[in-house]
Chemist: 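One structure follows; several queries about it will come next.
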Amino acid sequence: MTTYYTKDHEWVRVEGDTGTVGITAYAAGQLGDVVYVELPETGAKIAKGADFAVVESVKAASDVYAPISGSILEANTALSDAPEKVNEAAESDAWFVRIQIADKGELDGLMDETAYTAYCEGL
Amino acid sequence: MSEAATENLKRTPLYACHVKMGGKLVGFAGYEMPVQFEGVMPEHIWTRTQAGLFDVSHMGPCFLTLEAGIGGGEAAHAEIAALIEQLVPSDITSLKPGQARLTVLLNEDGGILDDLIITRPLGDEAQGTLYIVVNGAMKEQDWGLFETALAGKAVLTRADDRILFALQGPKAVDVMADFFPGCEDLKFMHHMPFEMNGQRCIVSRCGYTGEDGFEVLIPAEAGLPLIEEMYTDERVKPIGLGARDSLRLEAGLCLYGHDLAPDISPIEADLAWVIQKRRREAGDFPGAARILRELKDGPARKRVGIRPLERAPAREGTEIQLDGEIIGVITSGGFGPTYDAPVAMGYVAADHAAPGTKIDLIVRGKARPAEVAALPFVPQNYKR
């Protein structure tokens with residue numbers, strides 16, 4: 001089980017051919033209090049680099065980009081009633097979707113935790 | 001809110017103070033301003049329950065003063081009031097000494113060029129001048145219009161080198177009374193002059209959050225130590241533009257450039273109350289033909305509150321539909337931290353403006369249920 005990170009502050013935790021996707025604690029901190037999360041439906045296809053979800057703070061709506069292509073196995077519906085979880089547990093309970101990964105080769109070029117931490121420190 | 005690169009941005013006298021207090025700075029109305037400190041949500045709630053301090057020095061405070069100078073009593077007030085009444089539909093002549101009024105600058109089509117507050121000074125010896133605050137992003141336009149209307153009979157003095165700050169919230173009055181004794185007796189939309197740290201300043205009971213509160217115009221050298229001292233009071237916290245926006249939206253107050261614009265009349269904007277009887281009867285303001293017609297027959301569209309019935313906020317520019325037909329657009333929208341739900345306002349065809357009317361908001365291509373709602377979303381707590 002390995003977690004990969006994008007420069008747009010999404011993470012994907014890979015187990016076999018499935019991945020769990022969310023936004024990082026750094027991203028949640030930048031957004032401020034999250035008041036709404038919009039997630040795709042089960043079965044929807046998402047493409048690496050394309051927006052697949054929206055996270056809204058009091059002030060603005062922000063797109064969330066897919067770290068990897070695949071199809072949605074499950075969306076975290078708990079976030080509809082408790083969007084504040086994104087601020088409390090961005091990298092655990094507040095995962096956005098679980099996906100069936102289309103091409104694990106797309107993981108090449110994503111950052112590991114050490115690289116991502118260094119990347120954030122440079123921002 | 002218009003954000004821009006940080007180069008070429010001006011700074012208010014409180015810039016260093018914002019940095020020290022941990023403000024996140026963005027470009028706004030040509031100034032580098034704090035959008036948030038602790039976070040929009042906690043700052044919003046703090047203002048509704050304690051006292052929030054807002055730097056609004058980017059706005060356009062100014063004075064219009066008769067060429068002959070002040071001191072002419074009632075006649076002098078009538079003269080300066082008549083000059084500004086050329087541009088606005090409100091009765092400025094009938095303002096009582098110490099009283100302020102919200103009004104709008106109009107173009108020849110009766111569209112709104114800005115919203116502003118005009119204050120008449122206290123005391124016979126001070127008559128012949130008006131204290132006016134216009135929006136920061138519009139001040140150069142507005143001051144150009146003033147100069148033209150004054151036609152040399154009065155002088156415009158900019159005061160945007162000073163600190164203009166607002167202290168808003170239920171605890172604001174107790175904090176202010178410690179620094180400006182007597183201001184606690186002011187009523188909403190009234191002001192009094194004070195001396196603070198050796199400088200003249202103006203304390204007005206007004207604001208733009210829906211809460212009780214004050215705005216203070218004070219020279220920078222006197223205002224800086226005052227604000228430093230206010231920040232030592234545990235009831236006071238700095239508040240950024242983000243919470244200023246969510247507070248005014250919940251309170252049902254318009255933001256120029258969003259809810260008000262040059263093609264929108266005050267009647268459409270549901271601001272008919274800024275036009276007092278004498279001006280309606282005289283019809284002597286720019287765009288009077290359209291405005292009087294809309295007063296009589298009703299406007300084609302109206303500004304209304306909008307309550308999304310699901311949790312998704314609907315932002316500015318969101319299309320409003322009824323049975324698949326476009327009937328309007330959202331001009332301000334977001335989440336109301338005190339209301340604890342999404343809130344918005346916008347313009348809809350007048351036939352569909354009744355509170356409770358079911359509508360659809362097209363957010364990211366999908367129709368979401370909403371209804372027309374009475375404004376404000378939270379009760380206004382002004383000291384009447």
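In what follows, chains carry the letters A, B, and so on, assigned in the order in which the sequence lines appear, proteins first and then strands, with residues in each chain numbered from 1. None of these values were measured; they are calculated from a predicted model.
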Chemist: Which answer fits B:P337, side chain, backbone, both or neither, if we ask what part of it has an atom under 4.5 Å from a heavy atom of chain A?
Modeler: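 The side chain, not the backbone.
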Chemist: Would you mind checking if B:R368 and A:E38 are paired as a salt bridge, meaning a charged N to carboxylate O distance below 4.0 Å?
Modeler: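 Yes, A:E38 and B:R368 are salt-bridged.
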Chemist: Got B:V40 and A:S57 here, is their nearest side-chain heavy-atom distance under 4.5 Å?
Modeler: no
Chemist: Which of residues 72-80 of chain A get closer than 4.5 angstrom to chain B, counting heavy atoms alone?
Modeler: A:S80
Chemist: Hey, what do you get for CE (B:M41) to NZ (A:K59), rounding to the nearest 0.5 Å?
Modeler: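 Separation between the atoms: 14.5 Å.
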Chemist: Please examine the side chains of A:Y36 and B:P342, heavy atoms only from C-beta on, and report whether any two atoms are closer than 4.5 Å.
Modeler: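 Not in contact.
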Chemist: At a heavy-atom distance under 4.5 Å, which candidate from B:G334, B:P313, B:S246, B:A341 has the highest pair count against chain A?
Modeler: B:P313
Chemist: Are B:R364 and A:E56 ion-paired here, with the side-chain N under 4.0 Å from a carboxylate O?
Modeler: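 A:E56 and B:R364: salt-bridged.
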Chemist: Can you tell me which portion of B:R311 sits under 4.5 Å from chain A's heavy atoms? Options are side chain, backbone, both or neither.
Modeler: both
Chemist: Between A:V34, A:D33, A:V35, which is the residue that forms a side chain to side chain contact (heavy atoms under 4.5 Å, CB included) with B:F335?
Modeler: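 Of all the options given, the one that passes is A:V35.
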Chemist: Go through the atoms of A:V37 and report whether side chain, backbone, both or neither lie under 4.5 Å from a heavy atom of chain B.
Modeler: neither
Chemist: How about A:E113: does its CD atom have over 12 heavy atoms from other parts shown lying under 6.0 Å from it?
Modeler: no
Chemist: Not counting sequence neighbours, list each pair that qualifies as a salt bridge (Lys or Arg N to Asp or Glu O under 4.0 Å) and has a residue in residues 319-335 of chain B.
Modeler: none
